[in-house]
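Below is one structure, written out as structure tokens; comments come after it.
These numbers come from a predicted model, not from an experiment. Because only heavy atoms are used, hydrogens play no part in the values below, and waters and symmetry mates are left out as well, while side chains stay in.
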2 protein chains.
Amino acid sequence: MEDDDLGALLARVTRRVIDEERPLLADQGLSMWGYIVLSSLARAPAQTQLALARSIGYDKTRLITLLDGLEAERLLSRTPDPEDRRARVVRLTPEGEARHNAARRAIRRMERRLLAGLDPADRATLRRVLAELAGPAS
Amino acid sequence: MEDDDLGALLARVTRRVIDEERPLLADQGLSMWGYIVLSSLARAPAQTQLALARSIGYDKTRLITLLDGLEAERLLSRTPDPEDRRARVVRLTPEGEARHNAARRAIRRMERRLLAGLDPADRATLRRVLAELAGPAS
DNA sequence: TATTGTTATACTCTATAACTATA
DNA sequence: TATAGTTATAGAGTATAACAATA
């Protein structure tokens, strides 16, 4: 029997992880893309919404309503940039940081459980190789 | 700087591979799901369309039009099962087998190129660990 | 003239319900 | 009554075009 394609294998594993993540995020009142936005902002505030959209690989027009929702929940702020009055700097609020951390903790717990059966060296290799293949950090 | 979530990492790598695959499949006149169907049938014919849908994780109603297209191109055949006249056995035609092999070769070439920078032991570990995490073969 | 943020629109993909023919 | 295949419809998700404000 032939090996699976790498792409097929990756897609199956990714789908499995995502399926486990979704209910954990729902517990925190977050969608997948909402969590991705919070994660990006937790690394660094976004100078423009366009830059944020590009950095997470999302459409800039869809980002608007996503940010609207997150802002309405006071998880992030959009403040006009005094240097360029077209742009709006997007930042996490303290509440947004807390919500992100809670979601992140739940996801990390799930990941540990998922990888529990693997050899520790394999776990390390997996993470290192995936990071290498993913290219420069987003 | 914190590590990325495993899910985020997997999603990035998967997207990258898929983005590389799509044009190769388009060269063969195949969609992603079309290729997945041909791959499944290349492993074994499907006793019913429902079983095929389940095995590849696709919706049975969407499978219909997908199979319609592939059948119109003579890449597969749907023949009524004499034992159960509700069911239709789905098989690759020789042309379907050839098309699948051509697509597969192109994809394997791309995968080799993508993984070329990795240590051979890491490559092997990646494939083995992903297969383990993907669960029982579909 | 180009860019940021935005809205509106169209399109594609996906899920649900209901029908037919067999079992 | 349940299942395989199918069709039609509705919904979610996504992409495209166009606009106002600013550079």
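For residues 65-74 of chain B, the pairs satisfying side chain to side chain donor-acceptor pair (under 3.5 Å) are B/Asp68-B/Arg78, B/Glu71-B/Arg78, B/Glu73-B/Arg99, with sequence neighbours left out.
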Tabulate below the donor-acceptor pairs under 3.5 Å that side-chain atoms of residues 25-35 of chain B make, not counting sequence neighbours, or state none.
residue: B/Ser31; atom: OG; partner: B/Gly34; partner atom: N; Å: 2.9
residue: B/Tyr35; atom: OH; partner: A/Asp5; partner atom: OD2; Å: 2.6

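Residues from residues 29-38 of chain B lying near DNA chain D, meaning a heavy-atom separation below 4.0 Å, are absent.
The separation between B/Leu63 atom CG and C/dT14 atom P is 13 Å, rounded to whole Å. Nucleotide C/dG5 holds its C1' atom 11 Å from the CG atom of A/Leu67, rounded to whole Å. Atom CG in A/Leu66 sits about 15 Å away from atom C1' in C/dT6, given to the nearest Å. When rounded to the nearest whole Å, the span between CG of A/Asp68 and P of C/dG5 equals 13 Å. The CZ atom of A/Arg88 sits 16 Å away from the C1' atom of C/dT3 (whole-angstrom rounding). Here the C1' atom of nucleotide C/dT16 and the CD1 atom of B/Ile64 are 15 Å apart, to the nearest Å. Following rounding to the nearest Å, B/Asp59 (CG) and D/dA10 (P) show an atom-to-atom distance of 17 Å. With rounding to whole Å, A/Tyr58 atom OH is found 8 Å from D/dG13 atom P.
Contacts of B/Glu20 classified as salt bridge (charged side-chain N to carboxylate O under 4.0 Å, His left out), with partners at least two apart in sequence or in another chain: B/Arg113. Partners of B/Leu50 according to the side chain to side chain contact (heavy atoms under 4.5 Å, CB included) rule, which considers only residues two or more places apart in sequence or in another chain, are B/Thr48, B/Arg54, B/Lys60. With sequence neighbours left out, A/Arg85 forms a side chain to side chain contact (heavy atoms under 4.5 Å, CB included) with no residue at all. With sequence neighbours excluded, the residues that form a side chain to side chain contact (heavy atoms under 4.5 Å, CB included) with B/Asp122 are A/Thr125, A/Arg128, A/Val129, B/Asp119. In this structure A/Arg86 satisfies the side chain to side chain contact (heavy atoms under 4.5 Å, CB included) test together with A/Asp84, sequence neighbours excluded.
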Contact letters for nucleotides 18-23 of chain C, in which S counts primed atoms plus P, OP1 and OP2 and B counts the base, heavy atoms under 4.0 Å: ----BS
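For B/Arg127 and B/Glu111, the salt-bridge test passes: some basic side-chain N is under 4.0 Å from an acidic carboxylate O.
Rounded to the nearest 0.5 Å, atoms CD1 (B/Ile107) and CG (B/Leu114) are 12.0 Å apart.
Taking only side-chain nitrogens and oxygens, A/Gln47 never comes nearer than 4.0 Å to OP1 or OP2 of C/dT4. At the phosphate of D/dG5, neither OP1 nor OP2 sits under 4.0 Å from any side-chain N or O atom of B/Arg62.
Heavy atoms of A/Leu50 sit under 4.0 angstrom from primed sugar atoms or phosphate atoms, though from no base atom.
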